[in-house]
Amino acid sequence: MKYNFAQIEKKWQKIWEEQKTFAAVDISDKPKYYSLVEFPYPSGAGMHVGHIKAYAGLEVVSRKRRLQGYNVLFPIGFDAFGLPAENYAIKTGKHPRKVTNDNIHNFTSQLKRVGFSFDWSRTIDTTHEDYYKWTQWIFLKMFEHNLVFRDKTLINYCPSCKVVLSNEDSQGGKCDICHSDIVQKSKDVWYLRITQYADKLLEGLKEVDYSPNIKVQQENWIGKSTGAFVNFSISGTDEQLKIYTTRPDTLFGVTFMVIAPEHPIIEKYKDKITNFDALEAYKTECGKKTAFERTQLVKDKTGVKIEGLTAVNPINGKEIPIYISDYVMMNYGTGAIMAVPAHDQRDYEFAKKFGIAIVQVIKGGDIEKEAYTGDGEMINSGFLNGCTNKKESIEKAIAYLQEKGIGEAGVQYKMNDWAFNRQRYWGEPIPIVHCPKCGMVPVPYDQLPLKLPEVENFEPGQDGESPLAKIDSFVNCSCPKCGGAAKRETDTMPQWAGSSWYFLRYVDPHNDKAFADQEKLKYWMPVDWYNGGMEHVTRHMIYARFWYRFLYDIGEVPYPEPFLKRTAQGLILGADGEKMSKSKGNVVDPNEVVDQYGADVLRTYVLFMGDYEKAAPWSDEAVKGCKRFIDRVFKLNDMVTPQEGYSPALESAMHKTIKKVSSDIETLKYNTAIATLMTLLNDFYAKGGVTRGELKTFITLLNPFAPHVTEEMWEINGFAGMLNQTQWPEYCEEKCKDETVQIAVQINGKVRAKLDIALDEPQDTVLKRAKEDARIIELLQGNQIVKEIYVKGKLVNIVVRPQ
RNA sequence: GCGGGCGUGGCGGAAUUGGCAGACGCGCCAGACUUAGGAUCUGGUGUCUUCGACGUGCAGGUUCAAGUCCUGUCGCCCGCACCA
């Protein structure tokens, strides 16, 4: 019987949809399982096979869990705010709402054709007002708890997209969206105080099961360092210049100070500074450099000495010069450093260039050549002299600073507060009103959602203003507090906002009283397993953990961490080994594969093609291997024998396969799970038949990978009910063991013979029989046996040396 | 520069964590069936000088035994990047 995949896949997809087979039940007696995949941005290009791989992993887990008796929540939705839809609108005049709806429609049909077991009744769209109402609600809660603030700063500005970008969105000095060069600009920016959660986010990592590399990346992103703040007084003023250092014990080695070009004391002591113009000129020059250039010019230190201001080293009273240089950043620490050229390479290079003294305070290295950053005995350091333990000398130094009132222990993070606004149309409006009398006033909760107004022109306004600024009816409003005339904030939230809490909405997607019902949250949360791209491990996940932790702190969600387990799939590369992209023309459309080979083949192939966590190139040839596999599986229908159990010849193989497939699915080893099933299928063919019992187990194990063909076979063979409602097969550990095994007989580690033994055969008889082998006897002649080793069920090794 | 990972046939990749390297699949070779084969089936397929030897980037080491552990080295990928 030929397998008509197109017809059969359609048949089962229709049945699953009509019977709502995969709908999650809110609160049931079954144990719950929440598997989450990153929801897609519905781009105009449609999905590519990489999306399919990303979802197929937990699709298999979800289907397996259902068969194991779990009540599974496996949802999908669309993260649909963002620039591409808006840029497309500018180009074509089509409203982003329309474009987004079309794309979501397209994505949905693609996903359905692959037969994913998503609960389609819980689909969410971040651009729907019933959804973004709650995004705004959470924002206002944060505002209420003082986690939102506004500040004028130099920001990363993309002149092409005309938006302010966070550091995360402008890495490498390029706009994350259009890849043009970022410029620095002064602007009012909304911030979320994520740094206040830095420690909690670090602590939380101890509680969760993320792959080690994911944890490490998050830790590096947060970038906690411990050290001390030290105050240096400025001669002739009562100003204290505060610095941050991780090595307060090297204070005796400080020979100058460096401050960031934007540091406020320059402006403050303008009158005392005699070369103010030179400083201004340097600052202007730095402003022209992009953040990227600033960090790239590592080798060449530049700077200007501040004439007229000197600092006093508080530990020895020495007067030292102050420089400005762009190797000191205003956004880390205090924007000022104490320079210890002997023990910091950057300070060393700067000192060499400007002819500043270098005082060694840690023994070791050769400071004629470079800074010494290793450990060693403290020298030239007063009360610290002789100390050889870094930790101890730092502690001593901090104790001294605190005692004298010139400094204190301190902590710094690399992570900055989150720039939380964009001057664009297609995002959640920030629900704040600017009142001339009351200042920033939040839109009252009962007036949410603050709807995005209809506009005709999506072009950003002058100077990168949001398009919303041009809508008078939106901008002009009355102050919710005093009732006076006021103006609305016209910026919108960044792309990351909607995805920072979407997993909570799936729990209760239609609730209009709360973002989700407390009972349902208690039942479903936390997410048991979250899979997505490695590129979202830092930004998206840190943001989502931050929002969730905040909601936990104000009692809105039940557990401190949202995701118990996190994994990341590897990319599917084009057939040319390059990253898939439209411009390279190497994108594979899942629809084409489904048309040609069927959904089961596509699903099987994306999981079989390699290590799930690593990148692997697509191969049109290799897909055919999976096509053959599925066809051969279907042909089993013609060779079924009526026996319900397993045949003796395959009993052990059946149990081993159940064991292997069951455990491989749990550890992302989908490729070897499928390989094992292929081997078993080959065994059926070699035997020339398959018993009903074997078939039942085999198609159940294969069902999570290839649900259509297996469901059809279940029906054809008259098994009771539907396959997706049966039970995951069990295996017996005892039966996984073969009674007799073939072992290798080695001489000096080289295999010379094979021996069939009973697994429980005692060591001495195994060794005896090994030595009776004709070939072994021959090779032992003229040699003396030094040692005999038997590894149970594996091998015998006879160690010899010539007589 | 720092952090993480990887290097195995012609290709994608396996290897119970120190125990028979190359599972499974692709490709290739041969045969069968066919008017036909880019369908299907059967068998073969690491390399070489083939009763043997050599083989997991390279060079050493530990061990009865190393893809796996240790030291050094080369190459690739991914994050972060003047973080004081």
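By convention in this document, chain letters (A, B, ...) are assigned in the order of the sequence lines, proteins followed by strands, and residues within each chain are numbered from 1. Excluded from the calculations below are hydrogen atoms, water molecules and symmetry mates; all remaining heavy atoms, backbone and side chain alike, are included.
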Roughly, in whole Å, what's the span from NZ in A:Lys627 to P in B:rC24? 22 Å

Please state whether the base of B:rC82 and the side chain of A:Lys301 form at least one donor-acceptor pair under 3.5 Å? yes

Within the 6.0 Å centroid threshold, strictly below: A:Phe608 and A:Tyr670: no

Between P on B:rC83 and CE on A:Met338, what's the gap in Å once rounded to a whole number? 14 Å

Grab the CG-C1' distance between A:Leu241 and B:rA84 for me, whole Å please. 13 Å

Between A:Ile789 and A:Lys754, just flag the one whose closest nucleotide in RNA chain B comes earlier from the 5' side. A:Lys754

Could you measure between the two C1' atoms, the one in B:rU68 and the one in B:rU17, and give it in whole Å? 7 Å

Give none if B:rG67 has no partner; otherwise give the nucleotide forming a Watson-Crick or G-U wobble pair with it, both distances under 3.5 Å. none

In whole angstrom, give the distance that lies between atom CG of A:Asn4 and atom P of B:rA39. 19 Å

Under a 4.0 Å heavy-atom criterion, the protein footprint on nucleotides 49-55 of chain B, written with B, S and -, is ---SSS-

If you measure from the C1' atom in B:rC51 to the same atom in B:rU56, how many Å do you get, rounded? 27 Å

Nearest whole angstrom, please: distance from the P of B:rA81 to the CD1 of A:Ile222. 14 Å

For atom NZ of A:Lys579, is the number of surrounding heavy atoms from other residues, nucleotides or ligands below 6.0 Å larger than 12? no

Regarding B:rU50, purine or pyrimidine glycosidic angle vs 90° from 0 gives syn

Using a 4.0 Å heavy-atom cut-off, does A:Gln412 contact any base of the nucleic acid, only the sugar-phosphate backbone, or nothing at all? nothing

Side chain A:Gln742, main chain A:Asp756, donor-acceptor under 3.5 Å: no

Using the ring centroid of each side chain, check whether A:Phe634 and A:Phe5 are separated by less than 6.0 Å. no

Start at the 5' end of RNA chain B and walk down; is the nucleotide closest to A:Ala675 or to A:Lys794 reached first? A:Lys794

If I pick the P atom on B:rG25 and the same atom on B:rU71, what distance separates them, to the nearest angstrom? 39 Å

In whole Å, what is the span from the OH atom of A:Tyr685 to the C1' atom of B:rU40? 11 Å

With heavy atoms under 4.0 Å as the rule, sort A:Asp631 into base, sugar-phosphate or nothing. nothing

For residues A:Glu578 and A:Asn586, is any side-chain donor paired with an opposing acceptor at under 3.5 Å? no

For B:rU17, measure the glycosidic angle (O4'-C1'-N9-C4 for a purine, O4'-C1'-N1-C2 for a pyrimidine) and name it syn if it falls within 90° of 0, otherwise anti. syn

Closest approach to the side chain of A:Val216, judged atom by atom: which nucleotide of B:rG3, B:rC24, B:rG19 is it? B:rG3

With heavy atoms under 4.0 Å as the rule, sort A:Asn220 into base, sugar-phosphate or nothing. sugar-phosphate

Under a 90° cut-off about 0 for the syn range, is B:rG10 syn or anti? anti

Any salt bridge between A:Asp773 and A:Arg752, counting N to O under 4.0 Å? no

Base partner of B:rC54, which must satisfy Watson-Crick or wobble distances under 3.5 Å: B:rG46

Using 0.5 Å steps for rounding, measure from the NZ atom of A:Lys660 to the CD1 atom of A:Ile665. 11.5 Å

Would you say A:Asn671 reaches B:rA14's phosphate, i.e. side-chain N/O to OP1/OP2 under 4.0 Å? yes

Could you give the distance separating B:rC69 and B:rG18 at their C1' atoms, to the nearest angstrom? 8 Å

Taking the side chain from A:Ser393 and the backbone from A:Lys390, do they hold a donor-acceptor pair closer than 3.5 Å? yes

Separation of B:rU16 P from A:Lys737 NZ (nearest whole Å): 18 Å

Quick one: do A:Glu38 and A:Arg566 make a salt bridge, cutoff under 4.0 Å? yes

Reckon A:Tyr244 has a side-chain N or O less than 4.0 Å from the OP1 or OP2 of B:rA84? no

Produce a footprint string for nucleotides 25-31 of chain B: one letter per nucleotide, 5' end first; B if the base is under 4.0 Å from any protein heavy atom, S if only the sugar-phosphate is, - if neither. SSS----

Identified pairing partner of B:rG37, criterion: Watson-Crick or G-U wobble below 3.5 Å: none

Considering every strand shown, what is the Watson-Crick or G-U wobble mate of B:rG10 when both distances are under 3.5 Å? B:rC26

A:Thr245 has a side chain; which of B:rA84, B:rC6, B:rG19 sits nearest to it? B:rA84

From the options B:rA84, B:rA14, B:rG3, select the nucleotide whose nearest atom is closest to the side chain of A:Thr672. B:rA14

Taking atom P in both B:rU63 and B:rC26, compute the distance separating them and give it to the nearest angstrom. 44 Å

Establish, from distance only, whether the side-chain atoms of A:Asp631 and A:Tyr597 form a donor-acceptor pair under 3.5 Å. no

Whole-angstrom distance between B:rC58 and B:rC64, as gauged at atom P: 25 Å

Can you tell me if A:Thr657 and A:Tyr731 form a side-chain donor-acceptor pair at under 3.5 Å? no

Pairing partner (Watson-Crick or G-U wobble, both distances under 3.5 angstrom) of B:rU17: none

Can you tell me how far C1' in B:rG1 sits from the matching atom in B:rU8, rounded to whole Å? 31 Å

Could you tell me whether A:Ala336 contacts a base, only the sugar-phosphate backbone, or nothing, with contacts defined as non-hydrogen atoms closer than 4.0 Å? nothing

Using Watson-Crick geometry (N1-N3 plus N6-O4 or O6-N4) or G-U wobble (N1-O2, O6-N3), each under 3.5 Å, B:rG79 is paired with B:rC2

Among B:rG13, B:rA23, B:rC82, find the nucleotide with the atom closest to the side chain of A:Met329. B:rC82

What's the closest nucleotide to the side chain of A:Pro617 if the choices are B:rG12, B:rG19, B:rC6? B:rG12

Can you check the A:Trp221 CH2 to B:rG3 P distance for me, whole Å? 19 Å

Is a side-chain N or O of A:Asp417 found less than 3.5 angstrom from the main chain of A:Thr195, in a donor-acceptor match? yes

With a 4.0 Å cut-off, would you call A:Glu349 and A:Arg346 a salt bridge? no

How far does the C1' atom of B:rG13 sit from the matching atom of B:rG22, given to the nearest Å? 10 Å

Taking the side chain of A:Tyr332 as heavy atoms from C-beta outward, which of B:rA84, B:rC82, B:rG19 is closest to it? B:rA84

